[in-house]
Amino acid sequence: MNVEAAERYDAWYRTPRGAWIGEVEFALLARLLAARPGERLLDVGSGTGYFTRRCARKLGVFATGLDPDPAALQVASRPAEPGERYVEGCVEQLPFADRSFDRTICVTALCFIADQRQALREMVRVTRKRIVLGLLNRASLLYLQKGRGGGRGAYRGAHWHTRREALELFAGLPVHQVQLRSAVFLPSGGAIARTIEPLVPDRCAVGAFLAVAADVID
Ligand SMILES: C[S@@+](CC[C@H](N)C(=O)[O-])C[C@H]1O[C@@H](n2cnc3c(N)ncnc32)[C@H](O)[C@@H]1O
């Protein structure tokens, strides 16, 4: 991505639909994360830092965004406020010591990563408490609109997880209490979508956004 493309990506979160989707996704992530102020959080595949920033500002955590894309990091860091920092790197080999972070998130990034197994091993290695993944849901309206046939626009090349795949991501790794939730039931973001969203239980796994949380075993 170049800087203009990264700015366009970030600007999407300021459109009415993007702002609504971002809010709904963040609300679910924050609920599952249950972070305490002052904890250290890693955001893997942080892109332009939308979730890193929100975690720092709204949850009071010290947030580190990690991404291999210098242009995305440049946009994320303009300006990085106290409580957030950005590091260039890849999830397959995280440049952090074991158990460096209390909590880790990874939002719509795993779906673009070829070696998901290695990515999860690394996330588990650097995390002390809880990991929350944000994934694209194959059993969703958004998949029918944007995901089929290799995907369109920003979704091109993304892997859309099934519920079963999502639940099996952590299989064999030292985690327990795996939970799966979903959000963004009608991805249009219009008036009907906004009315329906709070009425559908987050256990109903048909939202465009699948969130999987797991606790790392001490
Ligand atoms: C769709 S963007 C999501 C960005 C951000 N999490 C968000 O939700 O706005 C996917 C991000 O994953 C990053 N990514 C791709 N491969 C990666 C890897 N091997 N390790 C870490 N991040 C990676 C990309 O550079 C990109 O910024």
Side-chain angles (χ1 to χ4, degrees), residues 1-15 17-30 32-33 41-59 61 63-78 80 84-96 101 103-127 131-137 142-143 146-147 150-161 169 183-184 187 207-212:
M1 224 193 294
N2 58 31
V3 172
E4 289 90 69
E7 273 164 353
R8 269 199 307 281
Y9 180 88
D10 200 56
W12 177 81
Y13 282 115
R14 294 188 291 279
T15 63
R17 178 169 175 266
W20 177 74
I21 290 179
E23 259 322 315
V24 168
E25 292 180 352
F26 177 73
L28 178 56
L29 284 173
L32 288 172
L33 257 183
L41 174 133
L42 173 65
D43 180 5
V44 169
S46 53
T48 55
Y50 175 85
F51 290 100
T52 324
R53 258 190 318 274
R54 273 191 127 55
C55 287
R57 288 179 195 167
K58 302 230 167 187
L59 308 180
V61 296
T64 299
L66 173 124
D67 204 283
D69 184 337
L73 290 173
Q74 193 178 318
V75 171
S77 318
R78 282 201 310 224
E84 52 175 321
R85 67 164 178 154
Y86 295 92
V87 173
E88 191 173 329
C90 284
V91 67
E92 293 85 349
Q93 200 174 0
L94 288 172
F96 307 113
F101 297 93
R103 300 182 197 252
T104 293
I105 59 172
C106 178
V107 186
T108 53
L110 200 63
C111 36
F112 292 101
I113 288 164
D115 193 346
Q116 296 188 10
R117 200 69 203 147
Q118 174 62 12
L120 289 163
R121 260 198 299 272
E122 278 292 271
M123 285 190 244
V124 170
R125 179 181 69 75
V126 302
T127 308
I131 299 171
V132 183
L133 309 172
L135 306 169
L136 294 168
N137 187 3
L142 189 65
Y143 174 73
K146 302 265 171 95
R152 300 200 344 242
Y155 301 100
R156 185 175 299 281
H159 179 79
W160 295 67
H161 287 81
L169 281 170
V184 192
F209 187 68
L210 265 189
V212 184

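Counting starts at 1 for both ligands and their atoms, in listed order. In what follows, every heavy atom counts, from backbone to side chain, and hydrogens, waters and symmetry copies are set aside. Predicted, not measured: the structure shown is a model, and the values here were computed from it.
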Do [X] side-chain atoms and [Y] backbone N/O form a donor-acceptor pair below 3.5 Å?
X    : Y    : result
S46  : G49  : no
E92  : A119 : no
R103 : L33  : yes
R156 : G147 : no

Has ligand 1 got any nitrogen or oxygen that is less than 3.5 angstrom from a nitrogen or oxygen of [X]?
X    : answer
I113 : no
V107 : yes
Y9   : yes
V91  : yes
D67  : yes

Short list, please: which atoms of ligand 1 are under 4.0 Å from a heavy atom of [X]?
X    : answer
C90  : 20 (N)
F112 : 1 (C)
Y13  : 7 (C), 8 (O), 9 (O)
G47  : 4 (C), 27 (O)

Neighbour count >12 (heavy atoms, 6.0 Å) for atom CZ, R78: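 Yes - once you tally the heavy atoms of other residues, nucleotides and ligands closer than 6.0 Å, there are more than 12.
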Contact check, side chains of L66 and L42, non-hydrogen atoms, under 4.5 Å: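 With C-beta onward as the side chain, the pair touches.
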E88 vs D67 side-chain heavy atoms within contact, under 4.5 Å: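 Not in contact.
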Side-chain H-bond candidate by donor/acceptor type, E84 with Y86, under 3.5 Å: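 E84 vs Y86: donor-acceptor pair found between side chains.
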Of the protein's non-hydrogen atoms, which lies at the shortest distance from [atom], and what is that distance?
atom                    : result
atom 4 (C) of ligand 1  : G45 O, 3.3 Å
atom 23 (C) of ligand 1 : P68 CD, 3.4 Å
atom 12 (O) of ligand 1 : A109 CB, 3.5 Å
atom 1 (C) of ligand 1  : T108 O, 3.3 Å

Ring geometry between W160 and Y155 (parallel below 30°, tilted from 30 to 60°, perpendicular above 60°):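 If you compare the ring of Y155 with that of W160, the planes turn out tilted.
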Ligand 1 versus C106: contacting region, heavy-atom distance under 4.0 Å: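 Neither; no heavy atom under 4.0 Å.
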Ligand 1 contact on E92 by region, counting heavy-atom pairs under 4.0 Å: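 Side chain only.
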Distance (rounded to the nearest 0.5 Å) between T127 OG1 and L41 CG: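 Taking OG1 in T127 and CG in L41, the distance rounds to 9.0 Å.
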